[in-house]
Colleague: 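Please find one structure pasted underneath; my questions will follow.
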2 protein chains.
Amino acid sequence: MTDPEVHHEVGLRLAEQGGRYTMLRQTLVETMAKAGRPLNITEILDDNPGTSQSSAYRNISVLIEAGAVQRVSGSDDHGRFELSEDVLGHHHHHLVCTTCGRVDDLVPSPALERAFAEAARRAARKADFDVTEHRFDLIGLCAQCR
Amino acid sequence: MTDPEVHHEVGLRLAEQGGRYTMLRQTLVETMAKAGRPLNITEILDDNPGTSQSSAYRNISVLIEAGAVQRVSGSDDHGRFELSEDVLGHHHHHLVCTTCGRVDDLVPSPALERAFAEAARRAARKADFDVTEHRFDLIGLCAQCR
DNA sequence: ATTTATGCAAATCGTTTGCAAACCT
DNA sequence: AGGTTTGCAAACGATTTGCATAAAT
């Protein structure tokens with residue numbers, strides 16, 4: 001999904017819940033679209049000078065409620081945020097660096113996703129658990145930290 | 001690994017860093033061993049009446065540093081703790097309930113682990129990332145919350 | 001005796017919220 | 001005007017820490 005489409009989609013989702021697609025919300029979405037990986041609050045504020053932290057948090061919450069953004073938990077306890085898979089238009093996993101905390105996106109192979117689906121089916125049967133999604137993270141050292 | 005072996009192993013690991021395997025530490029380990037799934041602080045304290053919260057946290061930290069316990073992040077922001085895979089003697093994944101936050105252990109099939117290894121290899125090549133471990137969580141509804 | 005562990009209360013830190021002013025339609 | 005959004009400062013909640021006491025070796 002290209003940038004204009006992303007903004008259009010996010011605008012629609014906000015409108016659906018009676019929210020406005022404010023300038024700040026647009027720049028937050030722009031920041032996340034540019035990054036292509038989950039960002040923490042500091043990184044988001046650095047890319048949006050003059051924005052108050054509380055407004056950033058509040059708008060990210062709104063965007064999460066609208067299904068436009070998702071929260072990602074990395075190795076440290078700082079929350080990270082990125083555009084939702086719905087808005088991005090593709091499913092992906094994460095590479096989590098234990099040293100610097102950076103998280104990168106990783107698009108899985110169809111074969112891997114098939115293995116996940118099979119695992120989910122098995123778990124549903126064995127543990128009587130209703131799987132709605134999965135999370136797969138590779139933990140280790142990023143290129144900069146090796 | 002059976003219970004006495006778990007205690008012995010944890011005791012060794014603590015001794016290695018000049019720590020003592022206190023009564024409280026033993027009961028904390030006992031609590032986690034009994035549970036067989038990651039517990040949050042409340043659950044741990046409920047099973048150890050009279051223990052102060054700070055002591056629980058402090059000792060869990062010590063056990064984590066000793067490699068005897070690992071922290072697990074679920075759906076909510078409450079940390080959850082369980083015996084480390086080293087001490088348990090087996091690798092596993094997690095079933096995370098989005099409604100009640102409960103996390104259960106799930107031992108993967110060899111086929112799935114093979115798929116993970118392949119994914120790790122691929123990521124290492126493509127993203128120049130040094131994978132040391134992986135995290136696979138199935139998110140959904142547990143039997144009680146369906 | 002000397003080191004380590006404990007409990008209490010206070011501090012920390014990421015995140016959330018109350019409120020009054022600014023904004024949009 | 002009527003609702004939404006903003007920034008500031010204060011509140012929140014999980015976790016950590018300082019300190020004085022208790023326990024273990």
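A note on names: the letters A, B, ... follow the listed sequences, proteins ahead of strands, and every chain is numbered from 1. The basis for the numbers below is simple: all heavy atoms, side chains too, and nothing from hydrogens, waters or symmetry mates. Since the model is a prediction, treat every value here as computed from it, not as a measurement.
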Colleague: Measure from CE on B/M23 to P on D/dA22 and round the result to the nearest Å.
Modeller: 19 Å
Colleague: Closer than 3.5 angstrom, by distance alone: can the side chain of B/E113 be matched with the main-chain N or O of B/P108 as a donor-acceptor pair?
Modeller: no
Colleague: Would you mind telling me which residue lines up with the more 5' stretch of DNA chain D, B/R20 or B/R71, judged by nearest nucleotide?
Modeller: B/R71
Colleague: Atom CD1 of B/I41 and atom C1' of C/dG7: how far apart are they, to the nearest Å?
Modeller: 14 Å
Colleague: Transitive ILVMFWY cluster of B/V131 at side-chain heavy atoms under 4.5 Å: who else is in it?
Modeller: A/L95, A/L106, A/L112, A/F116, A/F129, A/V131, A/F136, A/L138, B/L95, B/L106, B/L112, B/F116, B/F129, B/F136, B/L138
Colleague: CD of B/Q26 versus C1' of C/dA5: gap in Å, rounded?
Modeller: 14 Å
Colleague: Base contacts versus sugar-phosphate-only contacts with protein, heavy atoms under 4.0 Å: please encode nucleotides 7-13 of chain D as B, S and - from 5' to 3'.
Modeller: BBB----
Colleague: Apart from A/L141 itself, what residues make up its hydrophobic cluster when side-chain heavy atoms of I, L, V, M, F, W and Y under 4.5 Å apart count as a link, directly or indirectly?
Modeller: none
Colleague: Could you tell me which residues satisfy side-chain hydrogen bond (donor to acceptor under 3.5 Å, both in side chains) with A/R71, sequence neighbours excluded, listed by chain and number?
Modeller: none
Colleague: Rounded off to whole Å, could you give me the CD-to-P distance for the B/Q53 and C/dA11 pair?
Modeller: 17 Å
Colleague: Please report, rounded to the nearest Å, how far the P atom of C/dT16 is from the CG atom of B/D76.
Modeller: 13 Å
Colleague: Check the distance between C/dG14's P and A/L45's CG and give it to me in whole angstrom.
Modeller: 12 Å
Colleague: My understanding is that only residues two or more places apart in sequence, or in another chain, count here; which of them pass ring pair (Phe, Tyr, Trp, His ring centres under 6.0 Å) with A/H91?
Modeller: A/H93, A/H134
Colleague: With sequence neighbours left out, write down each residue that passes ring pair (Phe, Tyr, Trp, His ring centres under 6.0 Å) with B/H92, or none if nothing qualifies.
Modeller: B/H90, B/H94
Colleague: Atom OH of A/Y21 and atom C1' of D/dT4: how far apart are they, to the nearest Å?
Modeller: 17 Å
Colleague: Rounded to whole Å, please give me the gap between CG in B/L63 and C1' in C/dT4.
Modeller: 14 Å
